[in-house]
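A short write-up of the structure that comes next.
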Protein chains: 2
Amino acid sequence: MGQEGVGVDLETSLGYLLKEASSALRAAMEEVLRPLGMSVTHYSCLELLAQRPGLSNSELARGAFVTRQTMNVLLQALERDGYVTRPAEAPVGKALPTRLTPRGRQSLEKASAAVRSVEARMLAGLTGTEQSDAFRILQRMIHSLHGDNEGA
Amino acid sequence: MGQEGVGVDLETSLGYLLKEASSALRAAMEEVLRPLGMSVTHYSCLELLAQRPGLSNSELARGAFVTRQTMNVLLQALERDGYVTRPAEAPVGKALPTRLTPRGRQSLEKASAAVRSVEARMLAGLTGTEQSDAFRILQRMIHSLHGDNEGA
DNA sequence: TGACCCATGTCAGCATTCTGACATAGCTTG
DNA sequence: CAAGCTATGTCAGAATGCTGACATGGGTCA
């Protein structure tokens with residue numbers, strides 16, 4: 001189409017490239033999760049629960065980078081379908097600790113393998129040093145964006 | 001809350017970190033664009049048009065990482081509000097080349113400055129070498145995710 | 001030329017996520 | 001102890017984005 005070599009500056013923006021990479025990763029994850037009937041947020045929630053059992057709704061929301069209202073909708077569906085359980089009453093405060101059911105754990109296994117293969121494909125062609133560099137640089141970007149770089 | 005140092009493996013995943021960085025960038029952009037009454041997709045569309053005048057709806061969609069249906073809805077609103085113009089009939093094929101109006105260009109100026117300040121904050125604390133490394137590594141990740149690494 | 005394929009623009013319906021708002025639990029502080 | 005602050009869970013409504021579907025323009029190829 002109309003994409004002759006017009007002067008394009010977006011191609012030099014790290015922000016744009018970051019968005020592109022994240023979009024590509026999300027698309028690749030959706031592609032392998034769709035056959036399993038699972039969305040990315042769906043999977044993120046289960047994975048978080050597998051690694052940190054007993055997380056509350058709000059904690060899961062922060063870990064999956066969505067609002068607690070969005071996570072609440074998802075948790076209600078997951079609970080209804082028998083993937084997770086929450087106590088009827090909060091043991092302390094209002095936070096309801098959530099846990100995977102055996103069914104949830106089983107469902108996660110296949111999804112987790114699929115996602116790991118996507119991440120492996122993404123990292124193929126990167127040396128160990130490059131992966132360490134990427135990790136350190138991304139962490140520093142996040143730190144700066146959160147405004148933790150005051151008074152300096 | 002319940003976040004004592006439980007063993008967490010998500011903290012070692014580059015995919016998770018990439019999602020976190022992208023989420024932080026998006027949140028920071030939304031924060032500075034909100035006072036201007038502009039969303040991230042809204043801004044992305046205008047910025048693309050400023051750098052590549054005459055892009056079609058489908059091309060804009062690919063550049064902003066949304067579907068062409070989503071971009072079409074946005075373009076109709078932008079056209080209605082006088083930020084962009086599209087010819088009534090396609091000069092060739094079905095693609096309608098879109099262009100910024102003076103009003104659109106003026107609206108973009110403030111937004112572009114705000115977004116540049118966010119990107120500058122994100123990159124603060126990174127050396128020139130680190131920025132080049134990040135650029136190269138992200139490009140390679142995107143390339144691998146798109147499956148361009150066959151036969152090897 | 002005609003059949004086929006691909007890309008585009010667009011309409012309609014659905015899914016997902018967000019913002020706003022409210023009540024409650026627990027901690028902090030005077 | 002009482003007031004205030006923060007965090008949480010939850011409901012309701014709105015915005016945003018996506019999937020599915022259809023018609024059309026243009027190129028390819030037998």
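Atoms considered below: every heavy atom in the structure, side chains included; atoms not considered: hydrogens, waters and symmetry mates. Chain A is the first sequence line, chain B the second, and so forth, proteins listed ahead of strands; every chain is numbered from 1.
Residues of residues 16-32 of chain A having a heavy atom closer than 4.0 Å to DNA chain C: none are found.
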#### Entry: Per-nucleotide protein contact string for nucleotides 20-26 of chain D (B base, S sugar-phosphate only, - none; heavy atom under 4.0 Å)
BB-BBSS
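The side chain of A/N72 places no N or O atom within less than 4.0 Å of a non-bridging phosphate oxygen (OP1 or OP2) of D/dG9. In terms of phosphate contacts, A/R86 brings a side-chain nitrogen or oxygen within less than 4.0 Å of OP1 or OP2 of D/dT10. Between D/dG9 and A/Q76, no contact under 4.0 Å exists linking OP1 or OP2 to a side-chain N or O. At the phosphate of D/dC18, neither OP1 nor OP2 sits under 4.0 Å from any side-chain N or O atom of A/R34. OP1 or OP2 of C/dT16 has not a single side-chain nitrogen or oxygen of A/T70 nearer than 4.0 Å.
Looking at B/C45 and B/M71, their side chains come closer than 4.5 Å, going by heavy atoms from C-beta outward. Within the 4.5 Å cutoff, side-chain heavy atoms of A/M122 are placed close to those of B/L18. The closest side-chain heavy-atom distance from A/Q106 to A/T101 is not below 4.5 Å.
Between A/F65 and B/N57, the residue anchored nearer the 5' end of DNA chain C, judged by the nucleotide with its closest heavy atom, is B/N57.
For the pair B/M71 CE and C/dC11 C1', the computed distance is 18 Å after rounding to whole Å. Going from atom CE of B/M38 over to atom C1' of D/dA15 covers 17 Å, rounded to whole Å. What separates CD of A/E89 from P of D/dT10 is a distance of 12 Å, to the nearest Å. Regarding B/L60, its CG atom lies at a distance of 15 Å from the C1' atom of C/dA7, rounded to whole Å.
Placement of A/L100 and A/L74 within a single hydrophobic cluster is found when ILVMFWY residues are connected by side-chain heavy-atom separations under 4.5 Å, directly or transitively.
If you check D/dG9, D/dG17, C/dT19 against the side chain of B/T41, the one that comes closest is D/dG17.
From A/M29, atom CE reaches atom OG1 of A/T41 across 9.0 Å, with rounding to the nearest 0.5 Å. The distance from the CG atom of B/L145 to the CZ atom of B/R140 is 13.5 Å, given to the nearest 0.5 Å.
Residue B/L96 is classed as a sugar-phosphate contact, given heavy-atom separations below 4.0 Å to backbone atoms only. Counting any heavy atom pair closer than 4.0 Å across all strands shown, B/S58 reaches sugar-phosphate atoms only and no base atom.
By the 30° and 60° cut-offs, the orientation of the rings of B/Y16 relative to A/F65 is tilted.
When every heavy atom of A/A90 is checked against every heavy atom of A/A95, the shortest pair comes out as CB-O, 3.5 Å. The two residues B/L33 and B/V40 make their nearest non-hydrogen contact at CD1-CA, 4.0 Å.
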